[in-house]
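I have placed the structure first, in the form of structure tokens, so that the comments after it can refer back to it.
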Amino acid sequence: MLDIKRIRTEPELVRRGLDAKKTQVDLDEILRLDARVREILGIVEAKKAESNKGSKEIPQRMKAGEDISALKAQLAELSKEIKELDQEHKEVETDLAERLRWLPNLPHESVPIGGEADNVVTRSWGEPKPAAPWRKPHFEIGETLGLLDFASASKLSGSGFAVFTGWGARLERALIQYFLDHNREKFGFLEVSTPYLVKRETMYGTGQIPKLEEDMYRTEPDDLFLIPTAEVSITNLFAGDQLAHETLPLYRMGYSPCFRREAGTYGKETRGLVRVHQFDKVEVVKVVAPETSYDELESLVGIAESLLQSLELPYRILTLASGDLSFAAAKCYDLEVWAPSEERWLEVSSCSNFEDFQSRRMNLRWRNEDNKLVHPHTLNGSALALPRIVVAILDNYQTESGTVRVPEVLKPYLGGLEEFTPEGKGA
RNA sequence: GGAGAGAUGUCCGAGUGGUUGAAGGAGCACGCCUGGAAAGCGUGUGUACAGCAAUGUACCGAGGGUUCGAAUCCCUCUCUCUCCGCCA
């Protein structure tokens, strides 16, 4: 949610921001509605003041034994006028509010303007492994080694799902466990385990609704939504709160499966783990003082980086251009790992600063040093998304002899296993 | 699924038609007291919107209604809790 006062006082700045985000909006209509709301408000408030004053006189005059029927009739008339004005006020305000719900967050000044092609590679780590004829794509080697079973997945659920078997299933579990342990031990995040089904307003709070409603799975009779990321439930943990000054910064993380309809991506990447309707992810969330949020964003990226480095997976970091930013984000870094068999980069983490956009929607507030209630900034990042990490491991740790070595840091979580091999099927 | 209870300020909690933005308490802030602290005492302590301001308006789960006037009465909805049933 954008601050209507900001739209009012800096309309050109807002207009530029919305343009940069490639959003078509009739900002003039919004400004017109806003002016109208305030106009009506002025009139109706004056009438209410008059009405309140008259009502207060009644008990006094009654005590004095005066005839109050004329006054009552007059106030009844006034009350009717107020009701009509209130109605009109509500209609205009509802119209305005609905339009505001659809406005995305504005990009931060440090964000490059443009579309996907204008994303900037900010830095990279590690040496991408070269392509080689013996390298097999992850879905192939994964099935050969008995880690993945896509045929069964489509039997159960159709396309866009995966079954992990044997060491594959254990690898998933190991990664979840490792990520959570790492984030807690090295960065002090508090682990939470939250519902995967949430209410409509919860989805609204973090900005998935209304714009992305079509991408969400919804349960029909109850109007509950399957979360597309743990961000939704973890960030909304604080919805409506008034946080005391000393509570910030707040660091939370959680594992959850993530459900995405991926509407409109038919035909793209239907094979393998890269784009699936259900996947696992460990998400980290921060609620911080506004003036610290950009430093917090950098350190948030550092968490995802430290995980990738510990897994020894070469990656690069993109600063997303304005048009590639999600609805709620003001700035976002994507972390991509190199998949040598496919010779391309895979997004495994997305770290965003939402500034006060989500706070506003959730009505989350915090007492600043001046004891004033302000909207704190919220951030989140994947640390990390699982299936693509599995892809990256199957790719990067593949050997010429057709096995896949186990990354050093994961060995303790896999009973000391050194290698996934065809013989080791089923563990 | 059946039966019942409830939703008030940061928190607890009073309040059943008229200066109630809302008693009381806790917490917090400041002051007094103290060698220092605790206790004690005193004072203060909501948010949002409109307005340069004075000020005004709204808000006691949400939305409607009755009334000159609603936290208080009526209706609808949401959520929470208890008991019964069912169940991992």
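Each chain gets a letter, A, B and so on, in the order its sequence line appears, and its residues count up from 1. As the structure is a prediction and not an experimental result, all values here were calculated from the model.
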Exercise for the section: Have a look at A:K80 and say if it touches a base, only the backbone sugar-phosphate, or nothing, with a 4.0 Å heavy-atom cut-off. Expected result: nothing
Practice task
Using atom CD of A:Q242 as one end and atom C1' of B:G27 as the other, report the distance to the nearest whole Å.
Solution key: 14 Å
Exercise for the section: Return yes when atom CD of A:E185 has more than 12 non-hydrogen atoms of other residues, nucleotides or ligands closer than 6.0 Å, and no otherwise. Expected result: yes
Problem - Closest nucleotide among B:G18, B:G51, B:A48 to the A:L373 side chain - result: B:A48
Completion exercise
In numerical order, the residues of residues 89-105 of chain A whose heavy atoms come under 4.0 Å of RNA chain B are A:K90
Problem - Between B:G44 and B:A48 - C1' atom distance, rounded Å - result: 22 Å
Exercise for the section: Nearest-nucleotide wise, let me know which of A:R367 and A:M62 is further upstream toward the 5' end of RNA chain B. Expected result: A:M62
Handout entry: Check ion pair A:R99-A:D95 (N to O, under 4.0 angstrom)
Key = yes
Problem - Integer angstrom distance from the P of B:C28 to that of B:A38 - result: 10 Å
Practice task
Decide whether a cation-pi geometry holds between A:R173 and A:Y413; the criteria are a distance under 6.0 Å from NZ or CZ to the six-membered ring centre and an angle within 45° of the ring axis.
Solution key: no
Practice task
Would you mind checking if A:K199 and A:D223 are paired as a salt bridge, meaning a charged N to carboxylate O distance below 4.0 Å?
Solution key: no
Practice task
Using whole Å, report how far NE2 of A:H245 lies from C1' of B:G27.
Solution key: 18 Å
Exercise for the section: Check every strand shown and say whether A:K372 touches a base, only sugar-phosphate, or nothing at a heavy-atom separation below 4.0 Å. Expected result: nothing
Problem - B:U19 phosphate, OP1 or OP2, under 4.0 Å from A:K53 side-chain N/O - result: no
Practice task
Using the C1' atom on both, measure B:G56 against B:U19 and round to a whole Å.
Solution key: 16 Å
Handout entry: Listed partners of A:E116 passing salt bridge (Lys or Arg N to Asp or Glu O under 4.0 Å), at least two apart
Key = none
Practice task
In whole angstrom, give me the gap between the C1' atoms of B:U72 and B:U8.
Solution key: 11 Å
Handout entry: Length of the line joining A:D370:CG and B:A29:C1', which is rounded to integer Å
Key = 14 Å
Exercise for the section: Mind running side chain to side chain donor-acceptor pair (under 3.5 Å) on A:T202 and A:N236 for me, showing each step along the way? Expected result: CA-CA 6 Å; A:T202 304; A:N236 276 288; 5.1 Å; no
Handout entry: Side-chain N,O (A:R365) to OP1/OP2 (B:U10) below 4.0 Å
Key = no
Practice task
Sticking with atom C1', work out how far B:U47 lies from B:A22, rounded to a whole angstrom.
Solution key: 14 Å
Problem - Which residues share a salt bridge (Lys or Arg N to Asp or Glu O under 4.0 Å) with A:R8, sequence neighbours left out - result: A:D34
Problem - Whole-angstrom distance between B:G24 and B:G42, as gauged at atom P - result: 13 Å
Problem - Spacing of A:D222 atom CG relative to B:U78 atom C1', expressed in whole Å - result: 14 Å
Exercise for the section: Could you tell me the separation between the CG atom of A:N371 and the C1' atom of B:C30, rounded to a whole number of Å? Expected result: 13 Å
Exercise for the section: Using heavy atoms and a sub-4.0 Å distance, could you list which residues of residues 204-212 of chain A are near RNA chain B? By number, please. Expected result: none
Exercise for the section: Using modelled atom types only, decide if a donor and an acceptor are shared between the side chain of A:N353 and the backbone of A:E355 within a distance under 3.5 Å. Expected result: yes
Completion exercise
Each base of RNA chain B marked ( ) or [ ] if paired in-strand (Watson-Crick or G-U under 3.5 Å), | if paired to another strand and . if unpaired gives ((((((((.[[[..)..(.....]]]((((((.......))))))(((((....))))).[[[[[..)....]]]]])))))))....
Practice task
Write down the distance between CD1 (A:I4) and C1' (B:A50), rounded to a whole number of angstrom.
Solution key: 14 Å
Problem - P spacing across the pair B:G15 / B:G61, given as an integer number of angstrom - result: 15 Å
Practice task
Flag this pair as yes if the NZ/CZ of A:R405 is under 6.0 angstrom from the six-membered ring centre of A:F420 and inside a 45 degree cone about the axis; otherwise no.
Solution key: no
Handout entry: P atoms of B:G63 and B:A14, separation to the nearest Å
Key = 25 Å
Fill in the blank from the handout: Residue pair A:L71/A:K48 against RNA chain B: nearer the 5' end by closest nucleotide is A:K48
Fill in the blank from the handout: A:I82 CD1 to B:G69 C1', in whole Å, measures 11 Å
Practice task
Report the residue from A:R360, A:K331, A:K21 that forms a side-chain contact (heavy atoms from CB on, under 4.5 Å) with A:N105.
Solution key: A:K21
Problem - Short side-chain N/O contact from A:K83 to OP1 or OP2 of B:U67, under 4.0 Å - result: no
Practice task
Please work out if A:L41 contacts a base, only the sugar-phosphate, or nothing of the nucleic acid, heavy-atom cut-off 4.0 Å.
Solution key: sugar-phosphate
Practice task
Determine the interplanar angle of the A:H277 and A:F161 rings, folded into 0 to 90°, and report it as parallel if under 30°, tilted if 30 to 60°, perpendicular if over 60°.
Solution key: tilted
Exercise for the section: Scan A:I68 against the nucleic acid and name what it touches under 4.0 Å (heavy atoms): base, sugar-phosphate only, or nothing. Expected result: nothing
Problem - side-chain N/O A:N52 vs B:G18 OP1/OP2, d < 4.0 Å - result: no
Problem - Euclidean distance, atom CZ of residue A:R61 to atom P of B:G69 [Å, nearest integer] - result: 16 Å
Exercise for the section: Describe the nucleic acid contact of A:R200 in one word from base, sugar-phosphate, nothing, applying a heavy-atom distance below 4.0 Å. Expected result: nothing
Exercise for the section: Please determine if A:R36 and A:E88 form a salt bridge, counting it only when a charged side-chain N lies under 4.0 Å from a carboxylate O. Expected result: yes
Handout entry: RNA chain B contacts made by residues 72-79 of chain A, counting heavy atoms under 4.0 Å
Key = A:K72, A:L75, A:A76, A:S79
Problem - A:D19 with A:K22: basic N within carboxylate O range, under 4.0 Å - result: no
Completion exercise
Which of A:R200, A:R261, A:Q208 passes side-chain hydrogen bond (donor to acceptor under 3.5 Å, both in side chains) with A:E213? It is A:R200
Exercise for the section: May I ask you to decide if the ring planes of A:F189 and A:Y251 are parallel, tilted or perpendicular, using 30° and 60° as cut-offs? Expected result: parallel
Exercise for the section: State, yes or no, whether a side-chain contact exists between A:P422 and A:T403 at a heavy-atom distance under 4.5 Å. Expected result: yes
